[in-house]
Amino acid sequence: MIAKWLLTDARLVLLNDPTRGIDVGTKQEIYALLRQLTDSGKGIVFYSTDYAELIGCCDRVVILYEGRIVRELAGDELTERNIVTAALNLPEKEITLGEATG
């Protein structure tokens, strides 16, 4: 299905869970294709429920909560913990037990 849309030579590609239900080998091929597209100047925006996919494929992740952007992650900030924290709209700094009772 992705190949069909790539034939349109769009400058921006929107994907929704592009590798859901696909075997590991095919996932790797899709990831390589996505990287080739970005290297050639194309933009890719995709939604994914797979945190590892977001971390491994994305240069930047924007997290929405109740229809608004709550956090943008890039570089070293792009971790599963930060994605989950932002997705649940929790404070960036983890509150430890000592701080909560202190």
Side-chain angles (χ1 to χ4, degrees):
M1 189 62 146
I2 293 173
K4 175 183 171 182
W5 288 106
L6 293 178
L7 291 174
T8 65
D9 198 33
R11 292 184 301 154
L12 179 65
V13 179
L14 303 174
L15 301 170
N16 183 0
D17 261 336
T19 62
R20 187 175 195 158
I22 295 176
D23 66 85
V24 176
T26 305
K27 278 185 183 187
Q28 295 305 317
E29 289 178 28
I30 290 173
Y31 297 153
L33 175 62
L34 296 177
R35 184 50 62 190
Q36 288 174 357
L37 289 170
T38 58
D39 289 346
S40 72
K42 308 263 186 212
I44 298 176
V45 175
F46 74 87
Y47 166 86
S48 180
T49 55
D50 184 341
Y51 301 135
E53 182 170 79
L54 292 171
I55 294 164
C57 292
C58 298
D59 298 321
R60 181 172 42 150
V61 172
V62 175
I63 288 82
L64 301 159
Y65 184 84
E66 293 184 349
R68 64 183 177 82
I69 295 173
V70 293
R71 191 148 180 221
E72 182 177 324
L73 303 169
D76 292 340
E77 285 188 320
L78 193 48
T79 65
E80 184 173 342
R81 180 178 180 176
N82 286 343
I83 291 171
V84 171
T85 299
L88 296 174
N89 201 30
L90 298 173
E92 291 180 33
K93 181 181 177 203
E94 178 183 338
I95 298 174
T96 64
L97 185 57
E99 291 173 332
T101 59

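- Under a hydrophobic clustering in which Ile, Leu, Val, Met, Phe, Trp and Tyr are joined whenever their side-chain heavy atoms come within less than 4.5 Å, directly or via other members, V13 and V61 fall into the same cluster.
- Using a 4.5 Å cut-off on side-chain heavy atoms (C-beta onward), L90 and V84 make no contact.
- I69 and V45 fall into different hydrophobic clusters, where Ile, Leu, Val, Met, Phe, Trp and Tyr residues are linked whenever their side-chain heavy atoms come under 4.5 Å apart, directly or through other members.
- Looking at every heavy atom in both residues, L54 comes nearest to L78 through O-CD2, 4.2 Å.
- Heavy atoms only, all atoms of each residue included: D17 and T49 are closest at OD1-N, 2.9 Å.
- Atom CD of Q28 is separated from atom OG1 of T19 by 9.5 Å, given to the nearest 0.5 angstrom.
- At least one side-chain heavy atom of I63 sits less than 4.5 Å from a side-chain heavy atom of L73.
- A 6.0 Å sphere centred on CG of N16 holds more than 12 heavy atoms belonging to other residues, nucleotides or ligands.
- Pairing each heavy atom of A74 with each of D59, the nearest pair is CB-O, 3.6 Å.
- Criterion: ILVMFWY side-chain heavy atoms under 4.5 Å apart, direct or through other members. Under it, V24 and I55 are not part of a common hydrophobic cluster.
- Neither side chain, N82 nor T85, offers a donor N or O lying under 3.5 Å from an acceptor on the other.
- In plain terms, the two heavy atoms of V70 and Y65 that are nearest each other are CG1-CB, 3.5 Å.
- For the pair L15 and Y47, the minimum side-chain heavy-atom distance is 4.5 Å or more.
- Proximity of R35 to D39: side-chain heavy atoms (C-beta onward) are separated by under 4.5 Å at one or more points.
- Considering all non-hydrogen atoms of both residues, A86 and R71 come closest at CB-CB, 3.8 Å.
- Nearest approach of L12 to I44, heavy atoms of both residues: CD1-N, 4.1 Å.
- Taking NZ of K27 as the start and CZ of R20 as the end, the distance is 10.0 Å to the nearest 0.5 Å.
- For the atom pair CD (E53) and CG (L34), the distance works out to 8.0 Å, reported to the nearest 0.5 Å.
- Considering CD of E72 and CZ of R60, their distance stands at 5.0 Å, rounded to 0.5 Å.
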